[in-house]
Amino acid sequence: MLTIGAFAKACRLSPKALRLYDELDLLRPARVDPDTGYRYYAAAQLEQARLVAWLRRIGMPLARIREVCALTPEAAAGEIRAYWRQVEAETAQRRDLAEFLIDHLTTDGRRDETPMLELRYAAHSDTGRVRRQNQDTAYAGTRLLAVADGFGPGGAPVSRAAVDALKTLEAQEIPAGDVLSLLQETVHGAGDAGDGDSGTTLTALLWTDSRLALVHIGDSRAYLLRDGALFRITHDHTLVQSLIDEGRLTPEEAGSHPRRTLLLKALGTAAPDLRLHDAAPGDRYLLCSDGLSSVVPDARIRTALTTAGTPEEAVHTLIGAANEAGGPDNVSCVVADVVRTAAP
């Protein structure tokens with residue numbers, strides 16, 4: 001048996017922390033002397049104590065550490081991986097905001113040199129070749145681009161409600177520093193339109209101060225075509241994507257997985273991804289429902305975006321490609337070009 005001091009030194013936890021973890025039933029001593037109250041620990045407890053110490057160092061809350069310690073090693077590894085993905089997502093949002101603040105505070109004197117930009121856009125939604133009802137909603141305006149993919153008996157009105165909620169922001173002049181918080185508040189309220197059987201994904205870009213603020217949840221996607229290269233700027237919230245992230249599935253295997261359409265997040269069930277994107281003249285953005293991305297490979301999407309002369313042409317080319325591939329789902333596309341504002 002080890003005294004609390006010796007055990008603390010061996011596992012790199014302080015005696016104070018060990019007493020707290022005892023009180024929280026996270027790491028109980030092997031024996032407590034009935035007369036002196038001294039705590040004694042078994043050498044076999046060192047591995048769990050070290051695990052607790054490591055998890056604390058990565059910032060995991062104590063309540064979640066208790067859950068992890070009760071799992072098998074494989075399940076615990078999966079839980080730690082999921083926690084760290086969450087940390088990285090939250091850190092990315094804070095990083096984007098920090099970069100905006102730095103730029104905002106250091107470029108006031110050069111604002112007149114920044115090119116004035118605007119969006120040229122097109123949006124269209126198609127029922128596809130198999131479904132009887134279109135539950136998608138696609139919208140493009142001077143400041144808002146949005147795609148929502150409804151599901152369940154009431155999916156169509158839920159997707160419309162989500163996009164309509166964002167439309168209320170289009171007429172407002174929102175500073176870039178406030179836009180992410182306002183987006184989060186708006187979509188949080190829109191999530192109340194769903195219920196246990198119906199819901200929607202949502203991917204939207206809101207134009208503000210020559211930047212695009214992204215809000216995303218579900219498996220609709222946003223792509224950026226810049227200098228001929230295609231980048232996906234959203235991360236699918238699906239079971240198969242989580243398996244890919246964990247290394248348990250390859251992207252090729254994901255395409256034929258029997259549960260590839262299973263969502264892990266939808267509007268109203270979890271916090272959306274939020275971030276700011278700097279726009280540049282010549283950028284072309286695509287927002288689409290999975291009715292496109294699930295049947296048309298990225299290489300063909302890139303070709304369509306690269307060769308289409310206008311957003312309208314690109315939208316109809318992409319929807320046509322999805323229907324040529326069988327059109328198994330509703331398909332919606334929004335394409336927008338970032339261009340210099342025409343001289344008055």
Side-chain angles (χ1 to χ4, degrees), residues 1-99 101 180-181 184 188 191 196 217 235-250 253-254 257 259 262-266 268-275:
M1 304 293 287
L2 300 173
T3 65
I4 189 171
F7 189 76
K9 185 175 181 180
C11 66
R12 297 183 181 275
L13 286 169
S14 69
K16 181 180 179 180
L18 288 172
R19 285 190 286 270
L20 173 62
Y21 299 160
D22 181 10
E23 294 171 7
L24 296 176
D25 197 23
L26 179 60
L27 185 62
R28 291 286 196 184
R31 186 173 73 85
V32 178
D33 188 290
D35 298 321
T36 64
Y38 289 166
R39 295 170 171 85
Y40 294 90
Y41 294 82
Q45 292 181 278
L46 281 171
E47 184 175 354
Q48 182 179 1
R50 288 169 180 147
L51 175 60
V52 172
W54 291 331
L55 294 175
R56 286 299 291 157
R57 288 188 190 113
I58 66 171
M60 184 177 285
L62 289 173
R64 194 159 183 177
I65 290 175
R66 184 186 296 110
E67 297 172 0
V68 170
C69 289
L71 299 173
T72 64
E74 183 178 353
E79 184 66 19
I80 294 168
R81 188 179 293 110
Y83 167 75
W84 194 248
R85 284 202 306 272
Q86 178 184 348
V87 170
E88 288 180 324
E90 293 170 353
T91 302
Q93 293 173 21
R94 295 197 297 270
R95 179 201 63 214
D96 291 344
L97 182 55
E99 289 177 351
L101 291 171
L180 295 182
S181 297
Q184 187 167 26
H188 178 74
I217 191 161
H235 194 74
D236 292 348
H237 300 133
T238 59
L239 173 65
V240 294
Q241 185 61 59
S242 70
L243 295 175
I244 292 171
D245 295 340
E246 294 169 8
R248 297 163 58 187
L249 201 67
T250 67
E253 292 169 337
H257 194 280
R259 304 183 73 186
L262 181 63
L263 290 172
L264 295 183
K265 293 182 183 180
T269 67
D273 295 342
L274 296 159
R275 61 174 50 180

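Please read these numbers as outputs of a predicted model, since none were measured by experiment.
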Would you give the length of the straight line joining atom CD of E67 to atom OH of Y83, rounded to the nearest 0.5 angstrom? 12.5 Å
Minimal heavy-atom distance between A10 and R50, with the atoms involved, is O-NH2, 3.5 Å
side-chain hydrogen bond (donor to acceptor under 3.5 Å, both in side chains) partners for D25, two or more places apart: R28
Flag side-chain contact, heavy atom, 4.5 Å: L2 against Y40: no
Any heavy-atom pair between the side chains of M1 and Y41 that's under 4.5 Å? no
Distance from L263 atom CG to T238 atom OG1, nearest 0.5 Å? 7.5 Å
For a 4.5 angstrom cut-off between non-hydrogen side-chain atoms, does I4 reach R19? yes
Which heavy atom in E79 sits nearest to a heavy atom in L71, and how many Å separate them? CB-CD1, 4.1 Å
Could you pull out the closest heavy-atom pair between S14 and A8, with the gap in Å? C-CB, 4.1 Å
So which atom in I217 and which in A271 form the shortest heavy-atom distance, rounded to 0.1 Å? CD1-O, 4.0 Å
Kindly give the heavy-atom pair with the smallest separation between L26 and Q48, and that separation in Å. O-NE2, 3.4 Å
Neighbour count above 12 (heavy atom, 6.0 Å) for R12 CZ: no
Atom pair CG (D33) and OH (Y38), whose distance is rounded to the nearest 0.5 Å: 8.5 Å
Strictly distance-based, threshold 3.5 Å: is any side-chain N or O of R31 a donor or acceptor partner for the main-chain N or O of A42? no
Point-to-point distance, once rounded to the nearest 0.5 Å, from CG of L27 to CG of L13: 7.5 Å
Supply the atom-to-atom distance Y21 OH to L62 CG, rounded to the nearest 0.5 angstrom. 5.5 Å
Within this structure, what is the CG-CZ distance for the pair L55 and R57, rounded to the nearest 0.5 Å? 10.0 Å
Determine whether L180 and R275 satisfy the following criterion, side-chain contact (heavy atoms from CB on, under 4.5 Å), listing intermediate values before the conclusion. CA-CA 7 Å; L180 295 182; R275 61 174 50 180; 5.7 Å; no
What's the shortest heavy-atom distance between L18 and F7, and which atoms? CD1-CD2, 3.8 Å
Is E23 reaching over with its side chain to a backbone N or O of L20, donor-acceptor style, under 3.5 angstrom? no
State, yes or no, whether a side-chain contact exists between M60 and V68 at a heavy-atom distance under 4.5 Å. yes
